[in-house]
Amino acid sequence: MSDLNGAYYGPSIPPPKKVSHSHGRRGGGCGCLGDCLGCCGCCILSVIFNILIAIAVLLGIAALIIWLIFRPNGIKFHVTDAKLTEFTLDPATNNIRYNLELNFTIRNPNRRIGVYYDQIEVRGLYGDQRFGSSNISPFYQGHKNTTVVGTKLGGQQLVLLDGEDRKDLDEDVNSKIYRIDTKLRLRVRFKFGLIKSWRFKPNIKCELKVPLSNSTTSGFQFQRTKCDVDF
């Protein structure tokens, strides 16, 4: 091979490319103001989420401590007396005329917990159909206390009974003992010393058998009835 004196006679070599420094996003970093704002937004959302979790945990711990200290027992509801003087259905208009008086006992068995009854609505039902309602005045119930409250349902109401409920009503008319349900819709708060809870909305249901007053019912008398409490 001849000596080429170090000269190169092959294809021309392209000049090196200039490296441009882009200010756009590279990888997971924040390369511009928009990306920084996005990162800050994610951080703020993460902080808020963590704060909400911490608050929920603290509230749960506080509720557990209060429960362990006070050991609350369930409030008990009974219908102690019921007087029915009228319950008739007009087949032409499907209106029920009714007159029903009810007495309830509400027992708070707790030694350290009081109860605020902010709202008590009493509903009368036959089958699944409501025929009347009334309200009991709000009150506060102290520790280990039994409170007696009464109300009256009276008037007339359009009630559409299906075939099964109409059959039950015919049987009740013949026996003069009526299968009437009452539901109590409550708004209550509990008081633990100086602390008052948020409002709860328990539902109370009482399944009654009420004899028609001033009628012969083979000696049947209304029996004190315990109600189901659903918080």
Side-chain angles (χ1 to χ4, degrees), residues 73-109 115-139 141 145-188 199-231:
N73 295 310
I75 307 299
K76 297 177 175 60
F77 290 78
H78 289 84
V79 180
T80 54
D81 190 29
K83 183 179 181 181
L84 182 67
T85 56
E86 184 179 12
F87 200 84
T88 56
L89 173 68
D90 184 345
T93 62
N94 287 318
N95 283 330
I96 287 183
R97 296 185 60 86
Y98 58 94
N99 196 314
L100 175 64
E101 296 179 16
L102 298 167
N103 285 330
F104 298 89
T105 59
I106 306 174
R107 174 66 180 171
N108 175 15
V115 186
Y116 288 95
Y117 295 90
D118 295 329
Q119 178 181 327
I120 303 179
E121 181 189 9
V122 181
R123 296 181 176 183
L125 298 95
Y126 193 88
D128 293 327
Q129 302 298 316
R130 183 173 67 175
F131 61 81
S133 64
S134 66
N135 291 290
I136 296 175
S137 299
F139 64 93
Q141 186 178 40
N145 178 269
T146 299
T147 304
V148 179
V149 294
T151 190
K152 180 178 180 179
L153 306 177
Q156 64 177 0
Q157 176 67 35
L158 174 65
V159 178
L160 300 177
L161 301 177
D162 60 23
E164 190 66 27
D165 289 338
R166 183 67 68 91
K167 180 181 177 181
D168 291 342
L169 181 58
D170 292 338
E171 293 176 357
D172 292 351
V173 169
N174 292 330
S175 66
K176 297 182 174 57
I177 301 172
Y178 291 80
R179 290 163 286 188
I180 293 174
D181 295 338
T182 58
K183 287 186 178 181
L184 283 69
R185 297 177 63 86
L186 309 180
R187 289 187 179 181
V188 301
R199 281 191 175 93
F200 292 89
K201 297 180 180 181
N203 292 315
I204 318 298
K205 184 177 181 180
C206 317
E207 298 180 352
L208 310 177
K209 289 184 177 181
V210 187
L212 188 65
S213 299
N214 302 321
S215 64
T216 303
T217 56
S218 301
F220 181 87
Q221 295 182 350
F222 178 78
Q223 302 295 317
R224 183 174 183 265
T225 304
K226 183 179 180 180
C227 304
D228 294 327
V229 181
D230 181 14
F231 272 87

Review point. Heavy-atom count around Arg123 CZ within 6.0 Å, excluding the residue itself: above 12?
Key: yes
Check your understanding: Just wondering, do Ile120 and Phe104 contact through their side chains at under 4.5 Å, heavy atoms?
Key -> no
Which atom pairs, one a donor and one an acceptor, fall under 3.5 Å between side chains of residues 146-153 and the rest of the protein, sequence neighbours left out?
{"unit_1": "Thr146", "atom_1": "OG1", "unit_2": "Arg107", "atom_2": "NH1", "d": "3.0"}
{"unit_1": "Thr147", "atom_1": "OG1", "unit_2": "Gln141", "atom_2": "NE2", "d": "3.1"}
{"unit_1": "Thr147", "atom_1": "OG1", "unit_2": "Asn145", "atom_2": "OD1", "d": "2.7"}
{"unit_1": "Thr151", "atom_1": "OG1", "unit_2": "Ser134", "atom_2": "OG", "d": "2.5"}

**Study point:** Member of Lys167, Lys209, Arg179 meeting the side-chain hydrogen bond (donor to acceptor under 3.5 Å, both in side chains) criterion with Asp172
**Key:** Arg179
Review point. Passes side chain to side chain contact (heavy atoms under 4.5 Å, CB included), Gln156 versus Ile96? Steps please.
Key: CA-CA 5 Å; Gln156 64 177 0; Ile96 287 183; over 6 Å; no
**Study point:** Close side-chain approach of Phe87 to Val173, heavy-atom, < 4.5 Å
**Key:** no
Exercise for review: Working to the nearest 0.5 Å, report the span between CG of Asp128 and CG of Asp165.
Suggested key: 6.5 Å
Indicate every side-chain donor-acceptor pair of residues 222-230 with a distance under 3.5 Å to a residue at least two apart or in another chain.
{"unit_1": "Gln223", "atom_1": "NE2", "unit_2": "Gln221", "atom_2": "O", "d": "3.1"}
{"unit_1": "Arg224", "atom_1": "NH2", "unit_2": "His78", "atom_2": "ND1", "d": "3.4"}
{"unit_1": "Thr225", "atom_1": "OG1", "unit_2": "Gln223", "atom_2": "O", "d": "2.8"}

Point to revise | Listed partners of Asn94 passing side chain to side chain contact (heavy atoms under 4.5 Å, CB included), at least two apart | key: Leu158, Leu160, Arg166
Exercise for review: Quick one: pull up CD in Glu101 and CG in Asp81 and give me the separation to the nearest 0.5 Å.
Suggested key: 8.5 Å
Exercise for review: Can you sort out the partners of Arg130 under salt bridge (charged side-chain N to carboxylate O under 4.0 Å, His left out), two or more places apart, ordered by chain and number?
Suggested key: Glu121
Exercise for review: Check whether any side-chain heavy atom of Phe77 lies under 4.5 Å from a side-chain heavy atom of Leu186, and answer yes or no.
Suggested key: yes
Review point. Heavy-atom distance under 4.5 Å between the side chains of Ser175 and Phe220, does that happen here?
Key: no
Point to revise | Lys83 side, atom NZ; Asn103 side, atom CG - distance, nearest 0.5 Å | key: 11.0 Å
Check your understanding: Are side-chain heavy atoms of Tyr126 and Val159 found at a separation under 4.5 Å?
Key -> no
Check your understanding: Rounded to the nearest 0.5 Å, what separation is found between the CG atom of Leu102 and the OG1 atom of Thr80?
Key -> 9.0 Å
Check your understanding: Sequence neighbours excluded, which residues qualify as side chain to side chain contact (heavy atoms under 4.5 Å, CB included) partners of Lys205?
Key -> Asp181, Lys183, Glu207
Point to revise | Side chain Thr182, main chain Gly124, donor-acceptor under 3.5 Å | key: no
Point to revise | salt bridge (charged side-chain N to carboxylate O under 4.0 Å, His left out) partners of Arg199, counting only residues at least two apart | key: Asp118
Revision key, fill the gap. Between Val188 and Pro202 the two heavy atoms that sit nearest each other are CG2-CD, 4.0 Å
**Study point:** Between CD1 on residue Ile75 and CG on residue Asn108, distance to nearest 0.5 Å
**Key:** 4.0 Å
Review point. Which value, rounded to the nearest 0.5 Å, describes the distance between Asp162 atom CG and Asp168 atom CG?
Key: 8.5 Å
Exercise for review: Write down the atom of Glu86, the atom of Thr88, and the distance for their closest heavy-atom approach.
Suggested key: OE2-OG1, 3.7 Å
